[in-house]
Every structure is written in structure tokens, then in C-alpha cells.
Amino acid sequence: MKRIALFILLALVLPVYLFAETDTVLLGYVAQGNIQQVKTLGPEVLPQLVNLYKVAAVADRAQIADMFYGLSWKSEEAKQALLADINTQDPRLRLAVQWALGRVSDDEEVVKILLDKMRHDPNPLFRDKAACALASDQVHLTEHQKILLYAGVIDALEDTEPQVRDIAIKVLQIHTGQTKGYLPNDSGAGRAAAVTTWREWLEEYRKQYP
Amino acid sequence: MKWFLILLAALTANFEASAQIKLPSGFSEVVSLGFDDNNITPGPSTFLVFQNAKGFVDINDQFAASGYRSFELQEVPLDGNFVELQRTFPLKDSGTLLLSFAFLVTNPEDEFNIALAGPNWFILSRDGIGFWLKGSGGKLALYSDSIPKLQAKIQAFRWYRVLCYYHIASGTLDFALWSEGNTKPVVTLNNIANATANLNSRVQTLSFIGDLDDRSSVHYFVDDVVVAYNPDEKITLDPSVNVPIRFKSPDKPPKTAPIGSRAAGLSSATQQPASNTNPNDKKSIYFEGFEELSTALQHEVSCIPAIALKDFGIETEQIGRLKGHGLWEEFSKIFDGELELRRLDHFHGQDRAVALSVLDWRRGCRAINNKLLPEATAELDNAKRLNPNSPIIDAAIIVALTLGGKEKESELALMNLFPRWQADPRFTVLAAWMTSFKGNLSGAISALKPRAEELLTREIDQPLLKKILSADFDAQGFIDLQRDYPDRWRHQLDDLLLAQNYYYLLIWDRQLKPAEEFVQAMVARYSKAGISRAAWFERLGDISFLKPNLEQAIAWYRHALEEESTRRSARLKLIEVEIRLGKIDDAARERDLLQP
């Protein structure tokens with residue numbers, strides 16, 4: 001019902017002259033949440049999808065953000081559109097945006113923003129899901145960009161907030177399969193030793209990709 | 001990281017043939033995949049091939065690190081899945097695992113991945129990925145301590161061999177990499193951390209895939225896969241000693257073996273310059289494979305071997321449907337005779353018909369081997385009735401008809417097969433064998449020579465000849481021909497069958513000069529009539545290859561492609577010759593022009 005509402009709402013709101021044939025088809029697929037059909041339209045449909053995102057209501061933008069996530073096609077316009085909502089307090093939309101950003105972009109700016117959210121967002125849920133995005137959804141990064149991500153996450157191992165330390169090591173564990181003995185609730189000395197190990201590891205990684 | 005595993009197909013060829021391995025002392029074989037044995041059996045159910053909707057996997061006789069065949073993977077981007085060759089084996093939780101394989105990539109800029117994993121499957125964790133080799137951007141990286149460490153650049157169309165000792169308890173591995181043409185390894189590593197630096201990371205699955213992010217269009221070949229086990233944790237890889245397999249062309253055709261088990265006979269591509277190489281010492285892709293099959297047929301008549309699912313008309317859609325219903329593994333057992341007949345009740349419609357047709361084909365071929373023609377004919381006719389679109393069943397019927405002296409029927413069947421199989425080297429083997437069947441090779445050539453010479457002087461009925469030579473000419477066209485030319489229909493087919501057969505008989509007999517003269521005359525004949533000369537230019541290329549004169553071969557193959565740019569066989573031969581001459585960039589460009 002929500003999807004039908006989206007379809008009707010968009011059809012009423014958008015000026016008629018925006019409705020090319022493809023727009024209508026796309027609108028239908030988006031309203032149905034039919035990502036497989038959107039895929040058949042190819043990456044050329046991204047600008048229209050971005051336009052739909054910009055004019056949609058909050059709840060519907062989350063649905064479109066999910067679509068960006070599923071498509072995993074790089075798009076600067078999609079990135080900019082999603083970044084406009086990076087500070088939204090709507091949980092559904094915020095999470096969808098955080099997850100989708102890495103799927104539409106290989107921009108280091110996205111990594112830095114997510115690292116910042118992971119460490120400094122006042123909402124622990126948003127911090128946690130920013131970590132999820134860093135762990136699983138930065139799919140276009142080069143090795144050099146991954147090093148940037150790892151550096152930021154390793155820095156977070158020294159955060160004063162226990163939750164941040166906890167989600168940071170989870171990010172590293174998902175990426176590497178290792179903890180290198182780091183325990184987020186360990187003593188300061190224990191954590192410091194493990195962080196040193198992680199930094200040495202990062203240096204070894206950097207040597208591979210100067 | 002996620003490794004998406006979607007079962008869609010299992011190959012029919014038996015991969016369990018020996019990969020010509022000599023294992024180091026203390027190791028016992030766990031997996032050996034050479035892809036050369038042509039016995040139509042899928043192997044144990046633990047061997048799986050994953051094929052997505054647009055990419056493909058197949059046994060390939062174009063490139064082989066050793067023996068005659070390799071396994072080919074072609075990835076396609078943005079199709080939601082990836083292609084995969086996967087092999088599971090009993091879980092290893094201690095000791096040392098030996099992993100060895102060869103790979104060749106045609107487009108090394110694209111990504112491919114090769115990994116060993118344990119019960120946690122293909123994620124970076126203990127009991128997840130233990131060994132991970134990744135090719136991308138023309139470079140090869142080995143994951144160690146969760147870092148993709150660059151090891152070597154990889155060149156297109158060059159075979160590489162990997163040997164790895166995976167020490168389970170210590171979480172370490174030894175690694176060596178050889179490049180074709182080099183006796184010493186280009187990379188040697190000892191006692192480095194495994195993929196995730198995890199101790200006691202168990203393994204049970206080996207996997208070869210394209211990329212993980214659905215962006216790669218990698219095209220690569222895998223051969224000589226060996227996994228072996230030694231309970232000794234401390235044994236160390238010594239690359240000067242522990243080379244399980246060398247790059248090696250086959251010295252001789254495969255042994256005669258039961259039904260459908262003769263290999264088409266192919267060899268590895270090599271990049272050694274022609275000045276240091278006599279091509280006759282190494283076997284070519286189409287040419288001598290054709291020759292070996294022909295020789296084998298001359299010595300002992302049997303069915304033309306099946307080497308791919310499509311030989312039985314089995315296409316991706318059918319495989320996908322069977323997979324969707326969880327029936328593929330069961331279905332594939334028909335190829336090794338393991339399927340109990342009562343299990344056929346699980347299959348319906350076309351699936352059941354195809355399954356029964358394969359069983360009938362096997363029985364028919366067995367009967368041909370045992371010289372029981374009436375029985376062979378009955379079985380093969382039944383197979384044909386069940387599966388009318390199988391080229392390999394038709395080929396078996398032609399063999400049976402020829403053996404039974406049914407000349408007209410065998411010619412009709414050959415004509416029916418021609419449009420579907422004319423580009424397959426096995427068709428020309430079959431056609432030439434039919435011609436020579438009744439007598440010896442010299443006798444057959446002598447018998448054909450006057451007719452071939454007379455053919456060269458004949459006037460051409462251009463519209464009719466174009467029609468006969470077209471891909472659309474089928475059994476109905478043949479029947480129409482007989483109706484329209486009741487006294488001279490065979491005469492009209494001479495350009496198609498007689499000329500081709502005479503040429504191949506001359507090649508069989510290594511009479512290169514007469515063959516060349518004849519082909520040149522056919523080129524002149526077709527030039528006057530405005531008929532495409534592509535097939536004859538290609539044959540001039542083949543003759544040049546055999547002389548050997550590789551530069552001349554390249555020129556003739558290019559002439560053939562100028563006449564017909566979509567002539568796949570000519571382009572594949574051109575690629576092979578360019579590789580032999582070290583013209584890798586040219587070969588890569590030609591490879592990009594290959595039509596699917």
C-alpha cells in the first residue's frame with residue numbers, strides 16, 4: 001500500500017513534462033520496489049532515479065536509497081543526493097543513506113563522513129550502522145582507499161567511548177578476519193599493545209600500495 | 001566479504017582423470033583434475049560448477065597446460081552472479097595440504113579469484129578463507145595476514161603454475177609461482193601467514209571464480225588442479241624439487257578407450273618464437289586435434305566423442321531449470337551411468353527424454369565398439385527419436401549407417417547435420433572418414449583425384465552453390481536438390497563434400513603440395529564465380545601452418561577474415577599462430593574480436 005501511495009504521490013506531484021516514458025516505467029518499478037526490473041534499464045536510469053529521490057517524501061526516499069544500495073552503480077549525483085540526507089534524524093532514511101553511500105561512490109569523502117558518524121554521532125544506533133556501512137558496503141574502494149578506511153578505524157580503537165571501540169574492532173574483523181588480540185574492554189595497556197600491532201599491520205599494507 | 005554460490009550446472013566430462021602428477025613423498029592425492037579424459041562422467045557429487053545466466057564455464061580444447069583440455073571460465077559483468085569451478089574434499093584440520101594448479105588469463109586486467117576455504121565458507125575468518133590468490137589489473141596478489149600482497153605481473157595468454165603448501169596448525173603457507181617458459185619459479189615464499197593469519201584454519205573447498213563485485217569480464221583457463229595431503233605439518237616446499245607437473249604438450253594421442261572417450265587432441269599454446277620452435281613438435285588447436293581424432297578413427301571405429309553438454313542439445317536454460325528444482329545433480333549422473341533407471345521418474349518431459357537419449361547413445365556406442373550394428377542402430381534410432389536436436393547422436397548414427405554400407409542414408413544424415421555442426425572440427429573428421437572408410441587412404445585419394453580435378457573445370461551454378469554452401473542448407477535442401485536434379489544431385493554437392501574431403505584426405509596423407517595446389521585452384525574457381533573464398537583461404541593457412549610457415553599462415557587467416565569477418569575458426573587459429581610467434585598484443589586484439 002505504501003508503494004502504491006508513493007506511485008500516486010509522485011505521479012501527482014511531478015510536473016507532467018518530467019514524465020518521459022522511461023520515467024513512468026521507472027516510477028512503477030520503484031513503487032513496487034522491483035530492483036530486478038530497474039537493473040534491466042541499465043545505469044543510464046540513474047539520473048532519473050536521483051530526480052525521483054530528490055522529490056520524494058522522507059519515507060519514500062529511504063526506499064529509493066535501498067534501491068541505490070541494491071544496484072551498487074557508481075553515481076556522483078546519487079552520492080550528492082544521499083549526502084544531503086546524511087544528517088537526517090529519521091532512522092529509516094539515515095540508515096538507508098549510510099548503507100547506500102558506499103555503494104554509489106568510491107569517494108574518500110564518503111569514508112571520512114562515515115568514520116565521523118561512527119565516532120561522533122550522538123545516536124548510538126547511527127554510530128553502529130555507520131560502522132556496518134564501513135564494514136560491508138564500501139564496495140568501490142581501491143586498495144589505497146581501503147588503507148584510508150583502515151587507518152580511520154584503527155584510530156577509533158583508541159576512542160574513549162567503549163561502543164565506538166567495540167564497533168571499530170568489528171569493522172576490522174569483518175574486513176580482515178582478525179582482531180590481533182584487541183579487546184575493546186581490555187585495559188588501556190592491553191588495548192594500546194594491540195593498536196600498535198594494528199598500526200604495524202597497516203604499515204605493511206601501505207608498503208604494498210605506496 | 002560474501003561469496004555467492006548459485007548452483008546452475010555440472011559439467012558432463014569426467015574431471016577426475018589424472019593431472020599427470022608426481023606427488024612429493026608423503027603426500028596422498030585428494031583431488032586431481034586434468035580435464036583430459038573424455039569419458040562422459042561428471043565425477044563425484046562433490047564437484048560442482050556454477051554458471052550464471054550470462055557467463056559460462058566449459059571444458060575447453062583451445063588451451064591446455066598439459067594434455068588436451070582445460071577448464072574455461074568466462075565472467076560477464078552486471079549479471080548478478082559469477083561463474084565458478086568448485087571442488088570440495090574431506091575436511092582437513094591438521095597437517096599440510098598441497099595445492100597445485102595452472103592458469104591462463106586472456107584479459108589479466110580483469111579480476112579473478114582462487115581460494116581454499118573451510119566450514120565457514122568464503123569469508124575472512126578462521127575456518128573461512130585460508131588461501132586466496134587474486135588477479136586484477138594485470139597483477140597477481142596473494143593474501144597473507146589479510147593483506148593482498150603483490151607477487152607478480154601476469155601476461156595474457158601465458159600459463160602460470162602455482163604450488164602452495166598450506167600448513168593448517170601454524171596458519172602459514174609456502175608458495176611458488178612458475179611462468180611458462182621459465183624453469184625456475186618467479187616467486188618463492190616460505191612460512192608466510194595464511195590469508196588471515198589464523199592458526200588451525202581448516203579447509204575443505206577449493207574455488208575458482210571471476211570477481212566478487214560483478215564488474216569483471218575475466219576470461220581464464222584452469223588446468224592440472226591437484227590437492228594432496230600430508231599429515232606432516234612441518235614439511236617445507238622446495239621449488240627445485242617439488243614441481244608436480246611441468247608445462248608439457250602431449251606426446252601422443254590418447255589411448256583408445258571406451259565410449260566417447262577419445263580426446264579431440266589439443267595442446268598448450270606457447271609463446272616461444274617460431275625460430276626456436278618447430279610447430280610440428282607441438283600440436284595446434286584445430287588442426288592436429290582433427291588429425292589425431294582422424295587417426296584414431298582409422299584405427300578403431302567408435303562414436304565421435306562428446307565433449308560438451310550442448311552436444312546433447314543441453315542448454316543453459318535446461319540446466320537452470322533442473323537446478324531450480326534441485327534435480328541437476330541427479331540428472332548429471334546419467335553421464336556416468338550411475339543414475340538408477342527408477343530415478344528417471346523424477347524427470348519429466350524434455351528432461352526425461354534427454355536423459356533417456358544419453359543412455360541410449362551410450363548403449364549404441366558400446367554396440368558399435370562391439371561390432372553389433374543392428375543393436376547399435378536400434379539404440380541410436382531411439383536416442384534420436386527422444387532427442388532430435390543432438391549433434392552427437394546424429395554423428396553416431398552416421399557412423400553406424402556408414403559401417404552398415406548404407407551410403408545414401410549416411411549422406412542424407414550428414415547433410416542434415418552439416419548446418420548445425422559445420423564449424424566443429426569433428427564434423428570434418430566424420431565426413432572425411434566416411435569418404436575413406438571403404439578403402440585405404442591412398443586408395444581413397446586416388447579414387448577422388450579425377451573427380452576433384454574435373455570439379456575444378458566445371459561451370460558454377462552460382463545461386464545454387466551459394467545456397468548449398470550457406471548455413472541454411474539442411475536435409476530439406478538436400479531433398480529438394482534430389483528432386484530438382486534427380487540424376488545429378490550428388491554432382492551438385494561436390495563443391496561441398498568432395499572438394500572438402502579430397503583436401504582433408506591429402507592433409508591426412510601429408511601431401512601438402514598437392515593439397516596446396518588444389519586449394520589454390522578452388523580459390524581461383526570461387527573468385528571467378530563471386531563465391532566466398534574464406535573457407536579455402538583458411539585451408540591455405542592450415543597448410544602453411546603445417547609446412548611450417550607461420551607468417552604465411554597468419555596472412556592466409558587474415559585473408560579468410562577479410563572475406564568473412566565472423567569466421568570464428570579462422571580467428572582462433574590466427575590467435576594461436578600469433579601466440580606462437582610471440583605477437584601477444586596482436587593475439588589479444590584478435591581475442592577481443594571473437595564473436596561469442
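These numbers come from the heavy atoms of this one structure, side chains and all, not from hydrogens, waters or symmetry mates. Chain letters run A, B, ... following the sequence lines, proteins first and then strands; every chain starts at 1.
Inspection of non-hydrogen atoms places B/T196, B/A197, B/N198 of residues 189-198 of chain B under 4.5 Å from chain A. Within residues 202-210 of chain A, the residues having any heavy atom closer than 4.5 Å to a heavy atom of chain B are A/E204, A/Y205, A/Q208, A/Y209, listed by residue number.
Each of A/N34, A/V30, A/I35 was evaluated against A/Q32; a single residue qualifies, A/N34, per the side-chain contact (heavy atoms from CB on, under 4.5 Å) test. For the side-chain contact (heavy atoms from CB on, under 4.5 Å) test with A/K129, the passing option among A/I167, A/L95, A/V97 is A/L95; the others fail. Of the candidates A/Q145, A/H140, A/K74, A/K74 is the only one forming a side chain to side chain donor-acceptor pair (under 3.5 Å) with A/D106.
Other residues, nucleotides and ligands contribute only 12 or fewer heavy atoms inside 6.0 Å of the NZ atom of B/K139.
In this structure, B/F101 and B/F131 have perpendicular ring planes: the angle between them is above 60°, well past the 30° mark.
Ion pairing of B/D145 with A/K180 is present here, as a side-chain N (NZ or NE/NH1/NH2) and a carboxylate O approach within less than 4.0 Å.
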Open item on the list: Apply side-chain hydrogen bond (donor to acceptor under 3.5 Å, both in side chains) to residues A/T88 and A/R94 and explain how you reach the verdict.
Closed with: CA-CA 6 Å; A/T88 180; A/R94 170 71 89 91; over 6 Å; no

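Listed for the B/E233 side chain is a donor-acceptor partner under 3.5 Å among the backbone atoms of B/S170.
No close placement of the B/Y229 and B/F89 rings is indicated, their centers lying 6.0 Å or farther apart.
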